[in-house]
Amino acid sequence: MTTTQSISLFGEREKGESVRTQNMTAAVAIANIVKSSLGPVGLDKMLVDEVGDVTVTNDGATILKLLEVEHPAAKVLCELAQLQDEEVGDGTTSVVIIAAELLRAADELIKQKIHPTTIINGYKLACKESVKFIQDNLSVPAADLGKSCLLNVAKTSMSSKIIGSDKDFFSNIVVQSCELIRFTNTRGESKCPIKTINVLKAHGKSTRESMFIKGYALNCTVASQLMPKSIKNAKIACIDFSLQKAKMKLGVQVLVDDPEKLDAIRQRESDITKEKIQLILNSGANVILTTGGIDDMCLKYFVDAGAMAVRRCKKEDVKRIARATGAAFVASLSNLEGEESFDAAFLGSAEEISQTRICDDELIIIKGTKAKPAASIILRGANDIYVDEMDRSVHDSLCAVKRVIESKSVVPGGGCVEAALSIYLENFATSLGSREQLAIAEFAQAMLVIPKTLVVNAAKDSTELVAKLRAFHNASQTIEAKKGFKWIGLDLENGKCRDNKEAGVLEPAMSKVKSLKFATEAAITILRIDDMIKIYQPSKEDPNSYANAVREGRL
């Protein structure tokens, strides 16, 4: 039943089935946009914004972020992809496709007069059982697979990206970076803060010219050519203010009755900054990184002291360097007594800082940081569009490796988990004697959308391959002797099924668990909606305008 009526809120109201169908149609439309970009043979999308900037990508979160979506239900799916990107970093396309398929299945059930609350309860139960099944039966401890496990996770993440053809080369870079910065906290948990890896982009040369650097690479150069280009046992000051000649604040006036005092005022302006620089140098600092500027007059003091000064650094770079070297990020020299001071405790330490020519640019590389290790990756590529997509691909891969290091478990990829869940949930549904049975059976059917989409994108016969895959997983769950079939997934290059655990097609278990939870929650959120009230936009037209006067016959 559909009712459309005007209400006192100067808007329109839609109720019942039509709202759900609208929401489902919007969600499926969003999923169809990203569907063809799923998997190792997925295609890329070209997005052009209003000013003509071009983005070529097959990352689900990036595609949906750049789309201007107006429908409120479709916006929920766009936010879902962003959430998956922030929480896990990979699996953004599949989470949207699963959520849309769950909604489509729910819409079919509602048309058969099944109440939405029953469907919601069934979906919640199916999600809970799925997560339990993944953790108990399909996840493998990463330690059992050795060091190759991390390499395989990185390769699997990259296989669907633009750098898939060079995945062996880039997976080594990604794993080296993560291994360098990983540490164990006081509770004995492994942590891998990938934000400390600085990824620099430089277009030109081939992708295989990209490199991994042990140390923090800063995309800046020394402020003067007279300064030393390399300093051993560096003491680093990280400051967040400019070292320029002091100027009077706006609105401050100085009335001078003696012209000779003008020189004294100018001299004092110079001396204020000189005193600041002297305080920093006296603390023992021989490398100064500032987010502000340093004028030519002030550079002279650093050159005389034999110190290295770098100006106009990015604030986030200086903060990361401060964390890695143990320095304090100083925003002002004022202390609690109202005087200016700079303590030696504010300085960070590194074994060596040097300015080096890497690729076509001069970079400052900080090696042997004292507090935490630092790593950098320099990406090369044909043009900016290509390098940006490489950056997104490397970021996804870093996130996948980070999740494996922290959660210590992986699952086989290539549609293996979804096919196993489909069979398990179908059998689980038949064991229930309640109304939720139908919803769980539809949830099981919706899981097959991932292997089906993977096969279609690979230009293979989806009906035959998915049927074979289901047969393998049914055997693994019903026949004890064939339990090893639970690792069977799709080999999309050759169009057949294979043991993906042996083949090294691995994903973080956390990625699958989170994407199932997020997709189910998003589907339930949209499924709960049965009433939509749309307020009309107030007219911005001036009632006394010339056009209105002509229309109303006042002229």
Side-chain angles (χ1 to χ4, degrees), residues 39-40 91 94 98 125-153 155-156 159 400 403-404 407-432 437 440-455 460 462-517:
S94 53
I98 293 170
L125 185 56
C127 180
K128 191 178 170 187
E129 285 296 320
S130 301
V131 171
K132 193 170 168 225
F133 183 77
I134 290 172
Q135 288 169 343
D136 293 349
N137 295 292
L138 293 172
S139 63
V140 188
D144 295 359
L145 300 171
K147 197 194 170 193
S148 64
C149 170
L150 291 179
L151 282 169
N152 286 330
V153 167
K155 282 180 197 173
T156 306
S159 61
R403 295 301 170 199
V404 173
S407 64
K408 296 186 176 69
S409 62
V410 292
V411 292
C416 166
V417 171
E418 288 80 7
L421 285 177
S422 172
I423 297 291
Y424 172 71
L425 289 173
E426 272 179 15
N427 296 333
F428 176 70
T430 53
S431 69
L432 285 178
Q437 184 190 88
I440 293 171
E442 285 292 343
F443 192 102
Q445 200 58 36
M447 286 291 102
L448 291 176
V449 73
I450 296 294
K452 278 179 186 170
T453 307
L454 287 170
V455 178
K460 303 280 189 282
S462 69
T463 314
E464 186 189 345
L465 263 179
V466 173
K468 279 182 185 173
L469 187 62
R470 278 169 59 79
F472 276 120
H473 282 282
N474 187 50
S476 80
Q477 290 177 33
T478 52
I479 305 165
E480 189 66 32
K482 295 186 176 179
K483 211 169 181 184
F485 283 177
K486 67 179 179 179
W487 311 119
I488 298 282
L490 295 166
D491 175 6
L492 297 170
E493 285 176 16
N494 304 310
K496 58 180 200 276
C497 298
R498 66 170 176 199
D499 186 331
N500 273 349
K501 185 185 163 191
E502 282 293 313
V505 179
L506 302 169
E507 296 180 57
M510 183 187 182
S511 171
K512 287 289 178 204
V513 169
K514 290 261 188 192
S515 65
L516 266 179
K517 283 183 177 174

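Within 6.0 Å of the NZ atom in K517, the count of heavy atoms belonging to other residues, nucleotides or ligands does not exceed 12. Enclosure of atom NZ in K482 is not indicated, since only 12 or fewer non-hydrogen atoms of other residues, nucleotides or ligands lie within 6.0 angstrom.
Under the 4.5 Å side-chain criterion, counting only non-hydrogen atoms from C-beta, N137 is not in contact with Y424. The shortest side-chain heavy-atom distance between L490 and P451 falls under the 4.5 Å cut-off. Between I98 and M447 the shortest side-chain heavy-atom distance falls below 4.5 Å. In this structure the side chain of F443 never reaches within 4.5 angstrom of the side chain of L125, judged on heavy atoms. With a 4.5 Å cut-off on side-chain heavy atoms, V455 and L469 do not count as touching.
The CG atom of D491 sits 11.5 Å away from atom CG of D499, with the distance rounded to the nearest 0.5 Å. The CD1 atom of I479 sits 11.5 Å away from the CD atom of Q477 when rounded to the nearest 0.5 Å. Taking CG from L138 and NZ from K512, the interatomic distance works out to 10.5 Å, rounded to the nearest 0.5 Å. Note: K408 NZ to M510 CE = 12.5 Å, rounded to the nearest 0.5 Å. How far CG of N427 is from CD1 of I440: 12.0 Å, rounded to the nearest 0.5 Å. Remark: S139 OG to Q135 CD distance equals 6.5 Å, nearest 0.5 Å.
Under a 3.5 Å cut-off, the side chain of K468 and the backbone N or O of C497 do not form any donor-acceptor pair. Panel note: side chain S422, backbone E418; no donor-acceptor pair is recorded below 3.5 Å. In this structure, Q437 contributes its side chain and L432 its backbone to a donor-acceptor pair below 3.5 Å.
The salt bridge (Lys or Arg N to Asp or Glu O under 4.0 Å) check on K155 picks up D168, with sequence neighbours excluded. Contacts of K132 classified as salt bridge (Lys or Arg N to Asp or Glu O under 4.0 Å), with partners at least two apart in sequence or in another chain: none. Under the ring pair (Phe, Tyr, Trp, His ring centres under 6.0 Å) criterion, F485 pairs with F472, sequence neighbours left out. For K452, there are no salt bridge (Lys or Arg N to Asp or Glu O under 4.0 Å) partners, not counting sequence neighbours. Taking the salt bridge (Lys or Arg N to Asp or Glu O under 4.0 Å) definition, one finds that E426 meets it with R470, sequence neighbours left out. Residues satisfying the side-chain contact (heavy atoms from CB on, under 4.5 Å) criterion with T430, sequence neighbours excluded, are absent altogether.
Among all heavy-atom pairs drawn from A142 and V404, the shortest one is CB-CG1, 3.8 Å. Of all non-hydrogen atoms in H473 and I488, the two that sit nearest each other are NE2-O, 2.8 Å. L516 approaches S130 most closely through the heavy-atom pair CD1-CB, 3.7 Å. The two residues G39 and L454 come nearest to each other via the heavy atoms CA-CD2, 3.4 Å. Across all non-hydrogen atoms, the minimal contact from V449 to T453 is O-OG1, 2.6 Å. Here the closest heavy-atom approach between residue N500 and residue R498 is recorded as OD1-NE, 2.9 Å.
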